[in-house]
Amino acid sequence: MKGIPTIKLYGAQRCHKTQYYQTYLETRNLHYAFLDVEKNENYAEELRSLYENRKLNFPTITIGKKKLRNPTDKELNKWLEKLK
């Protein structure tokens, strides 16, 4: 899959919004990395570094360098379309 940016989902397994995005990405057969910020301090630190306030703002999805904080389906679709 050369040229396709990495999709990362920062969230927590217990979070229903995180679960929603996992299903969303899986039903579209998109490869992504799920980074559980409650179970792994390195992932939590990576997420904090994306925000100036250093808060654990999850769920956050990154597509390459683009950062989406709790995006709507429409917003997420717009960025995923650009991958095609």
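Treat the numbers as computed from the prediction; the structure is a model and nothing was measured.
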Kindly give the heavy-atom pair with the smallest separation between [X] and [Y], and that separation in Å.
| X | Y | value |
| --- | --- | --- |
| Pro59 | Thr18 | CB-OG1, 3.8 Å |
| Asn53 | Lys55 | OD1-N, 2.9 Å |
| Lys67 | Leu50 | NZ-O, 2.8 Å |

Under a 4.5 Å cut-off applied to non-hydrogen side-chain atoms, are [X] and [Y] in contact?
| X | Y | answer |
| --- | --- | --- |
| Leu56 | Tyr10 | no |
| Ile61 | Tyr32 | no |
| Phe58 | Lys17 | no |
| Leu80 | Ile7 | yes |
| Leu47 | Lys8 | no |

* Lys74: side chain to side chain contact (heavy atoms under 4.5 Å, CB included) partners, not counting sequence neighbours ->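 Expected list: Thr72.
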
* Group every Ile, Leu, Val, Met, Phe, Trp and Tyr by side-chain heavy-atom contacts under 4.5 Å, then state whether Leu30 and Tyr20 land in the same group. =>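 Yes, because Leu30 and Tyr20 connect within a single hydrophobic cluster, where side-chain heavy atoms sit under 4.5 Å apart.
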
* Asked: Can you say whether the rings of Tyr24 and Tyr21 are parallel (under 30°), tilted (30 to 60°) or perpendicular (over 60°)?
  ->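 Tyr24 and Tyr21: perpendicular rings.
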
Side-chain atoms of residues 33-40: list all donor-acceptor pairs with protein atoms under 3.5 Å, sequence neighbours left out, distances to 0.1 Å.
{"residue": "Asp36", "atom": "OD1", "partner": "Glu38", "partner atom": "N", "Å": "3.0"}
{"residue": "Asp36", "atom": "OD1", "partner": "Lys39", "partner atom": "N", "Å": "3.3"}
{"residue": "Asp36", "atom": "OD2", "partner": "Gln13", "partner atom": "N", "Å": "3.3"}
{"residue": "Glu38", "atom": "OE1", "partner": "Arg14", "partner atom": "NE", "Å": "3.0"}
{"residue": "Glu38", "atom": "OE2", "partner": "Arg14", "partner atom": "NE", "Å": "3.0"}
{"residue": "Glu38", "atom": "OE2", "partner": "Arg14", "partner atom": "NH2", "Å": "2.6"}
{"residue": "Asn40", "atom": "OD1", "partner": "Asn42", "partner atom": "N", "Å": "2.8"}
{"residue": "Asn40", "atom": "OD1", "partner": "Tyr43", "partner atom": "N", "Å": "3.1"}

* Test salt bridge (Lys or Arg N to Asp or Glu O under 4.0 Å) on Glu45 and Arg48 and set out the steps. => CA-CA 5 Å; Glu45 188 52 37; Arg48 282 189 195 101; 3.5 Å; yes

* Asked: Can Ile63 and Leu76 be said to form a side-chain contact (heavy atoms from CB on, under 4.5 Å), step by step?
  -> CA-CA 10 Å; Ile63 303 170; Leu76 189 51; 4.3 Å; yes

* Does a salt bridge link Glu75 with Arg69, judged by any charged N lying under 4.0 Å from a carboxylate O? ->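 The answer is no: the pair does not qualify as a salt bridge.
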
